[in-house]
Asks: 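Right, I'll just put the structure down here and ask away after.
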Amino acid sequence: MDGISRLLVLSIFFVILFGFQRGNMGTMAIDEDAKALCSVNLAEFLPPPYGGLENMVCQPVWNSFLLRYSQSKDNVITIVLSTIYTSGWIGMGFSPDGMMINSSCMVGWVTPAGQGKIKQYYVEGFTPSKIIPDKGELPLTSVPPIIYVQGATAYLAFQLKYPTPLKTQPILLAFSTKSPQHHHLTVHEDKTTIQFDFSSGTSFAATDTPTNYMSSKKTHGVLGILGWGLFSPFGAIFARYFRSQPLWYYFHVSAQFIGFILGLAGVVVGVQLNNRLQPHIPGHQGIGILILVLSILQVLAFFVRPDKDSKYRKYWNLYHGWVGRTALFFGAVNIVLGMHYAGAGEGWKIGYGFVLGSTMLACIILETLLRLKKLDEPTLPNYPTSSI
C-alpha cells in the first residue's frame, strides 16, 4: 500500500471515529439534559399530589416532552407532562388503538391574561369542530388537573384511576403555538404516537402511528386530485375543444384512462382508511362511490361505442358527454369535501384552488373561441327544392 492509500484509509478511519464520538457525545448530552430536567423539584411550585410524587418515573418521550408519573397500589396514576412552552396549547391523549379518532385527551394552555386552562377532549373527527371539549373517557379522579408554567417550561398534570394497573398504552402527544378559540382547539403543528409501558417506564414507536395514516390521507388526497381533478378534466377538454387535431382521440382516451386508474387507486386507499379509522363522513363516501360507478360506466361505454354511421351514435354521444360532466362535477365537489373533513391546510386548499381555477379559466376561454369559430363558419344557402 503506497503513502496516498495509507493516508486515505487513515482519513476515513478518523472520519468514522469522529462521527461515532459525536454520536456518543450527542446521546450523552441528551441524557444529561434529561437528568437535569428530571432533577427539578416539582414540590417547589406544584401542589400535592403533583409536587410530591412517590416512586416517580421520569422519562423523555418526544422532542422536549418529558413524562413523569407515579402509579400507586390501588391503580391511581398521577401524571405530570412537561415541555418547552411559549404560547398555544399542549396535549396528551390516550387512544384505544393508537389512532387520533376515538381518543381522549388532556389539553392545557395559558390565556393572554395569564390564566391556566386545562380540559378533557374527545376526538370524533379531524376537524376542530369534531374535537369535543369537556367530553372523554379518561377516569379522572377528584383531584383537579392543572397546568403551570415555570420559566420556559409548562407542566400539564392530572390524575387517573383505573380498575387494573395501567400497562402498555398508546399515547398521543401534540402541540400548537396558537391558543384555542372559545375552547375549540386550533390545528396542531406537530404530533406523534408512542407505545408507553407504564409498568416499566419505557416507550417505543407505535406500529401504526399518526405519521402512517397521515401519509395514507395525503396519498388518498393526491390520487383524488390527480385522477378526478386533473387528468379526467383535461381528457374532457381534449374531446370537446381539440377535435380538429389528428391525435385528439388518443390524448382523450389516454388522459381519461390515467384519471380512472388514479381515481380507482384513491378509492382503494380511501377504503383502507375507512376500515382503520371508521370516520362518519357519509357525504364524502357516498359521492366517492357515485363517481366510481359513473367512471366504470364510462369505461364500459368505450367498448360498446357504435359506429359513426349508426343511428344510435347520437344517443351514445349524449350519454357519454353528460355522464362524464356529472362525474367531473361531483369529483370537484368531493375533493373539496375531502379536504374539509381531513382538515387540510392552506397549502392543499390553495393548490387545488389553483388547479380548479386554471381548469375553469381554460374551459371558458376555449368555449368562447369555439363559439366564435362556429359563428364565423359560412352557412350554405337553403334553396327551396323543386316540386317537379
Side-chain angles (χ1 to χ4, degrees), residues 42 45-51 53 56-72 75-85 87-111 115-126 128 130-150 153-162 166 168-196 198 203 206 210:
L42 301 183
F45 50 87
L46 294 183
Y50 308 119
L53 296 180
M56 181 190 72
V57 177
C58 184
Q59 183 71 252
V61 284
W62 174 63
N63 288 351
S64 63
F65 280 74
L66 196 70
L67 179 61
R68 297 176 175 90
Y69 73 94
S70 176
Q71 188 163 201
S72 67
N75 307 323
V76 174
I77 182 164
T78 306
I79 293 174
V80 179
L81 180 72
S82 63
T83 186
I84 296 173
Y85 181 82
S87 62
W89 57 264
I90 59 173
M92 176 179 179
F94 288 67
S95 171
D97 54 8
M99 301 296 180
M100 179 178 169
I101 302 294
N102 299 324
S103 63
S104 299
C105 310
M106 295 300 296
V107 178
W109 67 95
V110 178
T111 66
Q115 183 182 6
K117 294 280 188 179
I118 183 168
K119 283 184 175 292
Q120 182 176 185
Y121 287 81
Y122 185 73
V123 182
E124 293 182 351
F126 295 106
K130 292 292 185 179
I131 303 176
I132 314 299
D134 298 317
K135 184 180 178 182
E137 300 176 351
L138 293 178
L140 293 169
T141 67
S142 59
V143 177
I146 64 170
I147 181 169
Y148 187 86
V149 177
Q150 175 76 0
T153 304
Y155 296 85
L156 184 76
F158 55 97
Q159 192 177 72
L160 309 172
K161 179 175 174 57
Y162 287 93
L166 187 61
T168 301
Q169 168 68 47
I171 296 295
L172 310 178
L173 301 170
F175 71 90
S176 173
T177 57
K178 297 180 180 178
S179 299
Q181 302 295 324
H182 304 291
H183 295 165
H184 288 290
L185 298 184
T186 52
V187 177
H188 51 60
E189 295 181 21
D190 203 359
K191 75 286 176 191
T192 192
T193 295
I194 61 171
Q195 293 279 356
F196 194 87
F198 285 91
S203 62

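FYI, the numbering just counts along the sequence from 1.
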Asks: Roughly how far apart are Cys105 SG and Ile132 CD1, rounded to 0.5 Å?
Replies: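 It is 12.0 Å, given to the nearest 0.5 Å.
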
Asks: Tell me every residue that passes ring pair (Phe, Tyr, Trp, His ring centres under 6.0 Å) with Tyr50, counting only those two or more places apart in sequence or in another chain.
Replies: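 Listed in chain order: nothing, the list is empty.
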
Asks: Please identify each residue that fulfils salt bridge (charged side-chain N to carboxylate O under 4.0 Å, His left out) with Asp190, with sequence neighbours left out.
Replies: none

Asks: Once side chain to side chain donor-acceptor pair (under 3.5 Å) is applied, do any residues pair with Ser70, and if so which ones, sequence neighbours excluded?
Replies: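 Expected list: none.
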
Asks: Report the residues that fulfil side-chain contact (heavy atoms from CB on, under 4.5 Å) with Ser179, sequence neighbours left out, ordered by chain and then residue number.
Replies: none

Asks: For residues 140-149, please give each side-chain donor-acceptor pair under 3.5 Å, one per line with the distance, not counting sequence neighbours.
Replies:
unit_1, atom_1, unit_2, atom_2, d
Thr141, OG1, Val143, N, 3.3
Thr141, OG1, Gln159, OE1, 2.9

Asks: What do the steps show when you test Phe175 against Thr83 for side-chain contact (heavy atoms from CB on, under 4.5 Å), and what is the final call?
Replies: CA-CA 10 Å; Phe175 71 90; Thr83 186; over 6 Å; no

Asks: Could you tell me which residues satisfy side chain to side chain donor-acceptor pair (under 3.5 Å) with Ser82, sequence neighbours excluded, listed by chain and number?
Replies: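 Ser82 satisfies side chain to side chain donor-acceptor pair (under 3.5 Å) with Arg68 once adjacent residues are dropped.
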
Asks: What residues form a side chain to side chain donor-acceptor pair (under 3.5 Å) with Trp109, not counting sequence neighbours?
Replies: none

Asks: Working to the nearest 0.5 Å, report the span between CD1 of Ile79 and CE of Met106.
Replies: 9.5 Å

Asks: Let's go through Lys135 and Glu124 carefully: what are the C-alpha distance in whole Å and the side-chain angles of both, what is the deciding distance for side-chain contact (heavy atoms from CB on, under 4.5 Å) to 0.1 Å, and is it a yes or a no?
Replies: CA-CA 10 Å; Lys135 184 180 178 182; Glu124 293 182 351; 2.8 Å; yes

Asks: Distance check, rounded to the nearest 0.5 Å: Leu185 atom CG versus Lys130 atom NZ?
Replies: 15.0 Å

Asks: Considering all heavy atoms of both residues, which atom of Met92 and which atom of Leu67 are nearest to each other, and what is their separation?
Replies: CE-CD1, 4.0 Å

Asks: Can any side-chain N or O of Gln169 pair as donor or acceptor with the backbone N or O of Phe198 at less than 3.5 Å?
Replies: no

Asks: Just to verify, what does Lys178 make a salt bridge (charged side-chain N to carboxylate O under 4.0 Å, His left out) with, not counting sequence neighbours?
Replies: none

Asks: Taking the side chain as every heavy atom from C-beta outward, state whether Asn63 and Leu173 have any pair of such atoms under 4.5 Å apart.
Replies: no

Asks: Lys119 and Asp134: which non-hydrogen atoms are nearest, and at how many Å?
Replies: NZ-OD1, 3.0 Å

Asks: Hey, is the main chain of Glu137 close enough, under 3.5 Å, to the side chain of Ser104 for a donor-acceptor pair?
Replies: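 Yes, Ser104 side chain to Glu137 backbone: donor-acceptor pair under 3.5 Å.
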
Asks: Which residues satisfy the side chain to side chain donor-acceptor pair (under 3.5 Å) test with Ser87, sequence neighbours excluded?
Replies: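 Checked Ser87 against side chain to side chain donor-acceptor pair (under 3.5 Å); zero matches.
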
Asks: Whether the side chain of Gln150 engages the backbone of Phe45 through a donor-acceptor N/O pair (distance < 3.5 Å, no angle test) should be reported.
Replies: no

Asks: Test of understanding: with ring pair (Phe, Tyr, Trp, His ring centres under 6.0 Å), list the residues that count as partners of Phe65, not counting sequence neighbours.
Replies: Trp62

Asks: For the pair Phe158 and Phe94, name the ring-plane relationship: parallel under 30°, tilted 30 to 60°, perpendicular over 60°.
Replies: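 Correct class here is perpendicular.
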
Asks: With sequence neighbours excluded, tell me which residues meet salt bridge (charged side-chain N to carboxylate O under 4.0 Å, His left out) with Lys161.
Replies: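 Per chain and number, Lys161 pairs via salt bridge (charged side-chain N to carboxylate O under 4.0 Å, His left out) with no residue.
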
Asks: So how far is it from Thr153 OG1 to Ile84 CD1, rounded to the nearest 0.5 Å?
Replies: 6.5 Å

Asks: Would you give the length of the straight line joining atom CE of Met56 to atom OG1 of Thr78, rounded to the nearest 0.5 angstrom?
Replies: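 Answer rounded to 0.5 Å: 12.0 Å.
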
Asks: Strictly distance-based, threshold 3.5 Å: is any side-chain N or O of Tyr85 a donor or acceptor partner for the main-chain N or O of Val110?
Replies: yes

Asks: Would you say the side-chain atoms of Tyr155 pair up with the backbone N or O of Leu46, donor to acceptor, closer than 3.5 Å?
Replies: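 Side chain of Tyr155 to backbone of Leu46, a donor-acceptor pair under 3.5 Å: no, none is there.
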
Asks: Please examine the side chains of Asn102 and Tyr122, heavy atoms only from C-beta on, and report whether any two atoms are closer than 4.5 Å.
Replies: yes

